[in-house]
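One-based numbering along the sequence shown. Computed over heavy atoms, backbone and side chain alike; hydrogens, waters and symmetry mates excluded. Note that the coordinates shown come from a computational prediction; the quantities given were computed from them, not determined experimentally.
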Amino acid sequence: MLAVKAGVPIVPIVHNAGRLWPGKSFVKYPGVIDVHIGPAVLTEGRSVEDVHAEVTEWMLERMKLLGA
């Protein structure tokens with residue numbers, strides 16, 4: 001909502017750090033964390049719902065690839 005109101009693009013990012021650094025756990029495991037950075041999503045002149053749907057769709061697809 002803030003990005004749409006400001007008219008600035010959103011750059012979606014997903015990672016799989018939760019595999020190695022589980023939430024609410026003190027224990028951290030060594031390994032490689034994969035990070036995927038998406039293309040900028042333009043927000044100018046678009047509705048919040050439209051932008052949210054596009055970003056969410058990209059993030060869910062990438063999370064599947066990461067096995068998250």
Measuring from atom [atom1] of [X] to atom [atom2] of [Y], what distance do you get when rounded to the nearest 0.5 angstrom?
{"X": "Arg19", "Y": "Ile33", "atom1": "CZ", "atom2": "CD1", "value": "8.5 Å"}
{"X": "His52", "Y": "Glu57", "atom1": "NE2", "atom2": "CD", "value": "12.0 Å"}
{"X": "Arg62", "Y": "Ile13", "atom1": "CZ", "atom2": "CD1", "value": "12.5 Å"}

Any side-chain heavy-atom pair of [X] and [Y] under 4.5 Å:
{"X": "Met63", "Y": "Trp58", "answer": "no"}
{"X": "Pro12", "Y": "Val55", "answer": "yes"}
{"X": "Lys28", "Y": "Leu20", "answer": "no"}

Is there a path of hydrophobic side-chain contacts, each under 4.5 Å between heavy atoms, that joins [X] and [Y]?
{"X": "Leu66", "Y": "Tyr29", "value": "no"}
{"X": "Val35", "Y": "Val14", "value": "no"}
{"X": "Leu2", "Y": "Val4", "value": "no"}
{"X": "Val32", "Y": "Trp21", "value": "no"}

Among residues at least two apart in sequence or on other chains, which ones pass salt bridge (charged side-chain N to carboxylate O under 4.0 Å, His left out) with Glu61?
Lys64
Across all chains, not counting sequence neighbours, the salt bridge (charged side-chain N to carboxylate O under 4.0 Å, His left out) partners of Asp34 are none
Sort and list the pairs that fulfil salt bridge (Lys or Arg N to Asp or Glu O under 4.0 Å) and have at least one residue in residues 43-52, not counting sequence neighbours.
Arg46-Asp50, Arg46-Glu54
How close do Ala3 and Ile10 get, heavy atom to heavy atom, and via which atoms?
CB-CG1, 3.5 Å
Heavy-atom closest pair, residues Leu42 and Pro9
CD2-CB, 4.3 Å
